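In what follows, a structure is listed as structure tokens, so that the remarks can point back to it.
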Amino acid sequence: MAYLKIAFGFLVTAFLLATVSLAHPGLGFGWGGVGAPAGVPSYGLFPQFYQFSCPQVEDIVMSVLEKAIAKEPRMAASLLRLHFHDCFVQGCDASILLDNSATIVSEKNSLPNRNSVRGFEVIDEIKAKLEEACPQTVSCADILAMAARGSTVLSGGPSWELPLGRRDSKTASLSTSNNNIPPPNSTLQNLITLFQRQGLDEVDLVALSGGHTIGVARCATFKQRLYNQNGNNLPDQTLERTYYYGLKSVCPKSGGDNNISPLDFGSPVKFDNLYFKLILWGKGLLNSDEVLLTGNVGNTMELVKAYAKDENLFFKQFAKSMIKMGNISPLTGFNGEVRKNCRLVN
């Protein structure tokens, strides 16, 4: 009987150490991916990562998101975009959240992000609540991934089983943020190239562009289409006429750069497939939306038509592509850290 007690005690201790080392691999309780499900590589991402170290993580994330999005529905799109603008730079490592410091030149000041990315206070609030519940356990990179999924769900879109276990970078890259995030005036070939750089294909490009079913864009991002699309002082001929005149009233030729217009004016806070229908009707807001139909490269036109016709097909592919994007170059194991404050390295 004594032997059984000792053996049971050993198993409990081993189990506890395994779960602690899973959340805090740097604590030195073993070097493998202890506690990962069978078939998962050491320190790979997997949905049950916080099962024992912070079981309430998703409830905490969703409770903050529900309040923030009820207060300002546009916040859902802002949080989805934060994850995207994070993953395309150094991988999904929360580098976008770092403020300027003695050692960091913040990505928040890059051309795609300046006066544009938002939602940082919501991430701060989630992090503060998680630090109370499970200190130094849940990474800011995972918070961004969970906030993107939660925002999609709360806007009426699909959910997905989200692999977790990313760690936070100790660096940021302003130059990579400037070079890797697709600009709104991109050609289709440029979009395909920038997505391929991240291991994402044309299907991912069109599906993830469907995230523009929610949110808004600044006049500065589509002004060229209204007044000087091809350097000839003429508008983009693909714009439907009444839509074009409506946009002109929001976005004057000079000034008004920060005036906003919905990316999907039909249902700007509902995650649906209307974005793709609008593109077919000449009512895509950004050049990078329109060229998915008219760019004459690859199969993007067929994909736009398919998602416009079948919302369920779009939802399924959006979920798959979000998982794929969320898996871009994560820091795992002993790489990076779990920040205490998402804006600062420890």
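Just so you know, these numbers come straight off a predicted model, no measurement behind them.
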Any chance you could measure [X], atom [atom1], to [Y], atom [atom2], to the nearest 0.5 Å?
| X | Y | atom1 | atom2 | value |
| --- | --- | --- | --- | --- |
| Ile328 | Gln198 | CD1 | CD | 4.5 Å |
| Ser155 | Ile214 | OG | CD1 | 4.0 Å |
| Met325 | Phe88 | CE | CZ | 7.0 Å |
| Lys305 | Asp310 | NZ | CG | 16.0 Å |
| Arg167 | Leu331 | CZ | CG | 8.5 Å |
| Asp168 | Leu344 | CG | CG | 11.5 Å |

Please report the C-alpha distance between Glu72 and Arg118 in whole Å, then the side-chain angles of each, then the deciding distance to 0.1 Å, and finally whether the salt bridge (charged side-chain N to carboxylate O under 4.0 Å, His left out) criterion is met. CA-CA 12 Å; Glu72 187 193 7; Arg118 56 200 294 279; 2.6 Å; yes
Would you check if the side chain of [X] reaches a backbone N or O of [Y] as a donor-acceptor pair within less than 3.5 Å?
| X | Y | result |
| --- | --- | --- |
| Ser249 | Gly246 | yes |
| Asn228 | Asn232 | yes |
| Thr213 | Asp272 | yes |
| Gln136 | Cys134 | no |
| Lys340 | Pro135 | no |
| Lys223 | Pro252 | yes |
| Asn299 | Glu302 | no |
| Thr221 | Ala217 | no |
| Asn287 | Pro184 | no |
| Asp86 | Ser95 | yes |

Does some side-chain heavy atom of [Y] sit less than 4.5 Å from a side-chain heavy atom of [X]?
| X | Y | value |
| --- | --- | --- |
| Asn109 | Ser177 | no |
| Asn178 | Glu107 | no |
| Leu191 | Val291 | yes |
| Tyr50 | Leu164 | yes |
| Leu247 | Leu285 | yes |
| Asp289 | His212 | yes |
| Leu226 | Leu239 | yes |
| Leu292 | Ser209 | yes |

Taking the six-membered ring for Trp and the single ring otherwise, decide whether the centroids of [X] and [Y] are under 6.0 Å apart.
| X | Y | result |
| --- | --- | --- |
| Phe49 | Phe46 | yes |
| Tyr307 | Phe318 | no |
| Tyr243 | Phe265 | yes |

Checking side-chain hydrogen bond (donor to acceptor under 3.5 Å, both in side chains) for the pair Asn100/Ser106: CA distance, chi angles, key distance, verdict? CA-CA 5 Å; Asn100 278 323; Ser106 178; 4.8 Å; no
Among the clusters formed by ILVMFWY side chains lying less than 4.5 Å apart, do [X] and [Y] turn up in the same one?
| X | Y | result |
| --- | --- | --- |
| Leu130 | Leu98 | no |
| Ile181 | Phe120 | yes |
| Leu79 | Val269 | no |
| Leu234 | Tyr227 | no |
| Trp160 | Phe84 | yes |

Apply side-chain hydrogen bond (donor to acceptor under 3.5 Å, both in side chains) to residues Ser261 and Arg218 and explain how you reach the verdict. CA-CA 7 Å; Ser261 183; Arg218 294 161 62 234; over 6 Å; no
For the pair Asn190 and Thr187, evaluate side-chain hydrogen bond (donor to acceptor under 3.5 Å, both in side chains) and give the outcome as yes or no after the intermediate values. CA-CA 5 Å; Asn190 189 25; Thr187 63; 5.0 Å; no
Show your reasoning for whether side chain to side chain contact (heavy atoms under 4.5 Å, CB included) applies to Leu97 and Leu144. CA-CA 9 Å; Leu97 301 178; Leu144 282 174; 4.0 Å; yes
Quick check: are there more than 12 heavy atoms from other residues, nucleotides or ligands sitting under 6.0 Å from [atom1] of [X]?
| X | atom1 | result |
| --- | --- | --- |
| Asn296 | CG | no |
| Lys324 | NZ | yes |
| Glu161 | CD | no |

Given salt bridge (charged side-chain N to carboxylate O under 4.0 Å, His left out), test Glu58 with Arg149 step by step and report yes or no. CA-CA 11 Å; Glu58 293 192 11; Arg149 178 182 62 176; 3.1 Å; yes
Evaluate the criterion side chain to side chain contact (heavy atoms under 4.5 Å, CB included) for residue pair Ile69 and Ser151; output intermediate values, then yes/no. CA-CA 8 Å; Ile69 292 167; Ser151 295; 3.8 Å; yes
Between [X] and [Y], does any side-chain N to carboxylate O distance fall below 4.0 Å?
| X | Y | answer |
| --- | --- | --- |
| Asp99 | Lys108 | yes |
| Glu311 | Lys316 | no |
| Arg166 | Asp93 | no |
| Glu131 | Arg339 | no |

Between Ala147 and Val61 the two heavy atoms that sit nearest each other are N-CG1, 4.3 Å
Nearest heavy atoms of Gly266 and Leu278, plus distance in Å: N-CD1, 4.4 Å
With side chain to side chain contact (heavy atoms under 4.5 Å, CB included) as the criterion, how do Ile260 and Arg74 come out once you've worked through the C-alpha distance, each side chain's angles and the decisive distance to 0.1 Å? CA-CA 12 Å; Ile260 55 174; Arg74 176 188 166 196; 4.0 Å; yes
Go through it in stages, so that I can follow the logic: the residues are Phe314 and Phe271, the test is ring pair (Phe, Tyr, Trp, His ring centres under 6.0 Å), and I'd like the CA-CA distance, side-chain angles, deciding distance and then a yes or no. CA-CA 11 Å; Phe314 162 52; Phe271 199 101; 5.8 Å; yes
Let me see the working for Cys54 and Thr137 under side chain to side chain contact (heavy atoms under 4.5 Å, CB included), right down to the final yes or no. CA-CA 7 Å; Cys54 194; Thr137 301; 4.2 Å; yes
Verify side-chain hydrogen bond (donor to acceptor under 3.5 Å, both in side chains) between Ser267 and Asp264, making sure each step is shown before the conclusion. CA-CA 6 Å; Ser267 55; Asp264 163 356; 3.2 Å; yes
